Amino acid sequence: MNPLLIDAYGRRIRKLRISVTDQCNLRCRYCMPLQATFMDKDRYLIPAQYGEIAAELQTYGLEEIRLTGGEPLLRAEFAEILAALKPLGFKKLGLTTNGILLDRYLDCLEVNGVTALNISLDTLNPQTFQTLAYGRDLTKILNNIALARQRRFQIKLNTVIMRAINDGELFDLVEYARDLDLEIRFLEVMRIGYACQNQSQWFISAAELIQRLESRYRLTPLESPQDATAFSYRLNGGPVVGFIASESQPFCGHCSRWRLGADGTLRACLLKEDGVNLKNIPPARRWELYQTLLGLKPYLRPPEVPHAMHQIGG
Ligand code: SAM
Ligand code: SF4
C-alpha cells in the first residue's frame, strides 16, 4: 500500500478539482474579462491522461473528484474524460457548471457515475444576469436546473453574492431553492484575478447574510465534515443554506484539496499560481513532485492574488 499524501500540518489530500478547459460561454465579472485570453487547446491533457493521473493519485488516498473549468461542458472531449474517470470508482465524482449546456449532458453524467452537481446561479433576474455575466441564457439555465432536478443527482446551487448587484435577491434565491428542494450556498466574492478591482465594494460577509436571514427564519447550524469548505444551516426546519466564507472565515488550515489544470499543472491551492506540470513527467518521478507540492500548500490564507480563477479552475 502506498503512503498517503499528508503535509507537515497533518492535512491529508483526498480531493481533486480537475479543470478540463479555461474557456467559458459566460463572462461573470468576478471571474473573467469580456476579452479573455485562453490557452491553446493543444496544451490540454488528453482524456486518458486525466484518468492516468487520477488513478495514480487514488493509490495515494485520493477519494473525490470534481470537474470544473472555465465551463467544463464546453470541452469537446468532456464525455471521454468522464469515461476515463468512471472505471476508477471514486467515492464521489462531481461537476461544477454554469448550467447552460446541462440538458445535453444529463444522460452522459448519469451513465458515467457523476452524482454531485453544483450549478452556479447568481440571479433570477434576466437583466442582472446580462449585467453580471453578459449572459442571455437565464431561462435555459433555470429550465436545466428543473431538468436535472428530475434525475437522481445531489444538486447544490452556488451563488456569489455581491452588494448592490444581487444581494437584494437573497430571500428570492432562498425561496427558489426551497421550492425546488435544493440546497443553496452563498459564496463570498474572493480577491482573485478580475474580482480584485471591485471586490471591496461587492463584498458581503457570510455573517451579514446570516444576520439578514435571521430576520425571517430560524437558523439551526448543521454538522459538516472537518475538511468542508462550506458550513450550513437549516432554515425553519426545512431548506438548507450553506456559506463558503473563504474571505472572512478561511478554511486553509483543514483544506484537503489539490487542483489539476487543463494543461496538466497540479497546484496545491486555488490561490497559488505555481505548481508542477505533470504532462511529460514519467510516473516514476511524480512522487517526488507530489512531495514538493505538499510543501507548497499554504496554511494561512494568501491575500489578494492576481491570476484569473478560470485559468486555474474554480
Ligand atoms: N463555469 C463553472 C461555473 O461557473 O460553475 C465552473 C467554474 S467557476 C470558476 C466555479 C465557481 O467559482 C463558480 O461557482 C463561480 O461562481 C465561482 N467564482 C468564480 N470567481 C469567483 C470569485 N472571484 N469569488 C468567488 N467565487 C468565484
Ligand atoms: Fe464562466 Fe464559471 Fe467564470 Fe462565470 S464563474 S465566467 S460561468 S467560468
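All ligand and atom numbering here is 1-based and tracks the order in the structure. Note that the structure is predicted; figures quoted are calculated from it, not measured.
At least one side-chain heavy atom of L293 sits less than 4.5 Å from a side-chain heavy atom of L266. The closest side-chain heavy-atom distance from K15 to K91 is not below 4.5 Å. With a 4.5 Å cut-off on side-chain heavy atoms, M190 and L270 count as touching. For the pair E208 and R163, the minimum side-chain heavy-atom distance is below 4.5 Å.
Heavy atoms of E188 found under 4.0 angstrom from ligand 1 belong exclusively to the backbone. Contacts of T96 with ligand 1, taken as heavy-atom pairs under 4.0 Å, involve both backbone and side chain. Only the backbone of T97 comes within 4.0 Å of ligand 1, judged by heavy-atom distances.
The ligand atoms of ligand 1 that sit less than 4.0 angstrom from a heavy atom of I192 are 23 (N). Contact atoms of ligand 2 toward N98: 7 (S) (distance under 4.0 Å to a heavy atom of the residue). Contact atoms of ligand 1 toward L187: 26 (N) (distance under 4.0 Å to a heavy atom of the residue). In summary, the atoms of ligand 1 found under 4.0 Å from a heavy atom of N98, numbered by their order in the structure, are 2 (C), 3 (C), 5 (O). Applying the 4.0 Å criterion to heavy atoms of A195 picks out, from ligand 1, the atoms 23 (N). Set against the non-hydrogen atoms of M190, the atoms of ligand 1 under 4.0 Å away are 22 (C), 23 (N), 24 (N), 25 (C). Each of the following atoms of ligand 1 lies closer than 4.0 Å to a heavy atom of T68: 6 (C), 7 (C).
The distance from atom 3 (Fe) of ligand 2 to the nearest N/O/S atom of C24 is not under 2.8 Å.
In this structure, atom 18 (N) of ligand 1 has a protein heavy-atom contact shorter than 4.0 Å.
Taking a 4.0 Å cut-off on heavy atoms, G70 registers as neighbouring ligand 2. Note on ligand 1: G70 sits in its first shell, one or more heavy atoms being nearer than 4.0 Å.
Between atom CD of residue E63 and atom CD1 of residue I13 there is a gap of 11.5 Å, rounded to the nearest 0.5 Å. Distance check, rounded to the nearest 0.5 Å: CD of Q150 to CG of L147 gives 5.5 Å.
Aromatic pair Y30/Y194: ring centres not closer than 6.0 Å.
In this structure, of G135, C28, S19, the residue bringing a heavy atom nearest to atom 6 (S) of ligand 2 is C28.
Y290 and Y60 have perpendicular rings, their planes meeting at more than 60° on a 0 to 90° scale where under 30° would count as parallel.
Note: the hydrophobic cluster containing L62 also contains V276 (ILVMFWY, side chain heavy atoms under 4.5 Å, direct or indirect links).
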